[in-house]
Novice: 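A single structure is presented below for examination.
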Protein chains: 2
Amino acid sequence: MTGETDRREAAERLALALVAVGMQRMAARALAAFLFSDEESLTAGDLADELEVSAGSVSGAIRTLAQLGLIERSFVAGSRREHFRMRENAWTTVYSRQHSMVDDVLSAAEKGVDAVGPGLARDRLLYMRDFYTFLLNEVPALVERFEQQRAGSQRSRGSGSRRRGGPRP
Amino acid sequence: MTGETDRREAAERLALALVAVGMQRMAARALAAFLFSDEESLTAGDLADELEVSAGSVSGAIRTLAQLGLIERSFVAGSRREHFRMRENAWTTVYSRQHSMVDDVLSAAEKGVDAVGPGLARDRLLYMRDFYTFLLNEVPALVERFEQQRAGSQRSRGSGSRRRGGPRP
DNA sequence: CCCTGTCTTCAGAAATTTCTGAACGTTCGC
DNA sequence: GCGAACGTTCAGAAATTTCTGAAGACAGGG
């Protein structure tokens with residue numbers, strides 16, 4: 001189980017990794033706080049305490065995370081404060097979300113194809129377009145496959161496939 | 001074919017989209033310049049002219065792109081200047097590259113699992129770990145599939161599958 | 001009503017990222 | 001060698017992003 005300090009440190013490290021993948025700093029820290037909390041849900045105040053930041057920052061982070069579909073409001077019995085919790089499908093959502101930006105890249109490539117005459121440039125743009133088109137078609141299926149596989153192995157808790165290839169080429 | 005202005009504009013738009021996916025601004029503009037040029041290769045000077053930026057900026061952008069494996073040196077007959085060109089597999093490379101950051105996220109999740117005792121936090125972290133493990137296993141196969149499909153349809157140039165689903169859910 | 005606790009907004013401060021320009025190598029032709 | 005053309009590095013300027021703190025909106029209790 002290890003101590004509270006280790007937990008905080010692991011959370012910060014995770015937040016850092018998320019920032020590297022493009023998430024805003026404060027939003028990443030907040031998401032990590034949700035992940036690492038044993039509470040069912042957290043309030044803005046909880047987050048401010050945990051992260052030691054201003055209420056304003058928390059407000060912004062919550063807005064961002066909610067907008068991304070990673071957290072949701074959670075109505076709690078007799079509490080006036082607003083509770084939030086991570087959504088079940090948060091991770092698949094982040095992933096798909098990133099692919100909506102891929103969509104923008106694809107559109108740009110297509111506009112490019114229209115803007116140049118035949119030649120090397122057009123060839124390059126066509127290649128690019130094909131790759132991103134491929135991705136846009138395949139990724140949703142990939143995510144779905146994960147969810148099904150997950151649903152299938154409900155019983156065998158606490159494990160899973162658990163393997164990651166060696167260093168990438 | 002349309003005019004030179006359209007071409008430049010399309011290039012800038014593409015660069016913008018790449019920035020949104022996390023690429024540095026100048027590197028993105030430079031990559032777009034390579035994409036949209038009908039030349040086989042470009043020199044640092046060409047880029048500086050095309051993008052209207054300082055030699056220093058170009059130098060930095062080239063270093064970045066080369067490091068990412070998106071461009072390579074291209075030795076040209078009797079030219080003293082260094083020529084660069086986009087690598088064939090640039091796009092699959094960017095994609096895989098992004099997934100090396102996914103690897104970092106996964107590591108962070110695993111450290112998290114070790115840092116917390118049984119409970120909700122651990123459950124969330126295990127879920128996260130499983131998803132990213134899945135991705136790390138599947139994505140290389142995905143890229144490979146594209147490359148094979150590509151190699152297969154060498155003949156039917158200028159087209160391809162060409163389809164993109166409606167709005168994502 | 002007014003007061004208290006909770007959350008949001010926003011202008012400006014702080015931190016970070018990005019670009020430039022000048023100084024410094026290198027290489028090659030002469 | 002010397003000069004010119006190219007390219008790189010790096011300190012500081014400029015632009016952008018991110019955070020804060022103070023002011024204010026809103027709901028419910030007293």
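Numbers restart at 1 for each chain; the letters A, B, ... are given by sequence-line order, proteins then strands. Bear in mind that the values here come from a model prediction, so they are computed numbers and not experimental data.
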Novice: Which residues satisfy the ring pair (Phe, Tyr, Trp, His ring centres under 6.0 Å) test with B/F36, sequence neighbours excluded?
Specialist: none
Novice: Test ring pair (Phe, Tyr, Trp, His ring centres under 6.0 Å) on A/W91 and B/Y127; report intermediate values, then the result.
Specialist: CA-CA 9 Å; A/W91 299 112; B/Y127 190 106; 8.7 Å; no
Novice: Are B/F84 and B/F34 an aromatic pair by the rule of ring centers under 6.0 Å?
Specialist: no
Novice: Any donor and acceptor pair, going by atom type alone, linking the side chain of B/S96 with main-chain N or O of B/T92 inside 3.5 Å?
Specialist: yes
Novice: Could you check which residues of residues 32-44 of chain B get a heavy atom under 4.0 Å from DNA chain C? Sort them by number, please.
Specialist: none
Novice: When you measure from the side chain of A/S107 to the backbone N and O of A/D103, does any donor-acceptor pair fall under 3.5 Å?
Specialist: yes
Novice: Near DNA chain D, which residues from residues 9-18 of chain B have a heavy atom under 4.0 Å away?
Specialist: none
Novice: Could you pull out all residues at least two apart from A/E4 that satisfy side chain to side chain contact (heavy atoms under 4.5 Å, CB included)?
Specialist: A/R7, A/R8
Novice: Go through the structure and list residues passing side-chain hydrogen bond (donor to acceptor under 3.5 Å, both in side chains) with A/R85, not counting sequence neighbours.
Specialist: A/E72
Novice: Suppose we screen for salt bridge (charged side-chain N to carboxylate O under 4.0 Å, His left out). Which residues come up paired with B/E12, at least two apart in sequence or across chains?
Specialist: B/R29
Novice: Of all nucleotides in DNA chain C that come within under 4.0 Å of a heavy atom of chain A, which is furthest toward the 5' end and which toward the 3' end?
Specialist: C/dT6 to C/dT9
Novice: Are any side-chain N or O atoms of A/R73 and backbone N or O atoms of A/A66, one a donor and one an acceptor, separated by less than 3.5 Å?
Specialist: no
Novice: Output yes when a side-chain donor or acceptor of B/T64 lies under 3.5 Å from a complementary backbone atom of B/G60, and no otherwise.
Specialist: yes
Novice: Any chance you could measure A/L18, atom CG, to A/L35, atom CG, to the nearest 0.5 Å?
Specialist: 8.0 Å
Novice: Any chain of hydrophobic side-chain contacts (each under 4.5 Å) joining B/V113 to B/M128?
Specialist: yes
Novice: Specify the residues of residues 48-70 of chain B, ordered by number, for which at least one heavy atom lies under 4.0 angstrom from an atom of DNA chain C.
Specialist: B/V53, B/S54, B/G56, B/S57
Novice: Does A/T93 have any side-chain hydrogen bond (donor to acceptor under 3.5 Å, both in side chains) partners at least two apart in sequence or in another chain, and if so, which?
Specialist: none
Novice: For every nucleotide of nucleotides 23-30 of chain D, 5' to 3': is a protein heavy atom under 4.0 Å from its base (B), only from its sugar-phosphate (S), or from neither (-)?
Specialist: -----S--
Novice: I'd like to check the salt bridge (charged side-chain N to carboxylate O under 4.0 Å, His left out) partners of B/D46; sequence neighbours left out, ordered by chain and number.
Specialist: B/R81
Novice: Quick one: side-chain hydrogen bond (donor to acceptor under 3.5 Å, both in side chains) partners of B/R122, sequence neighbours excluded?
Specialist: none
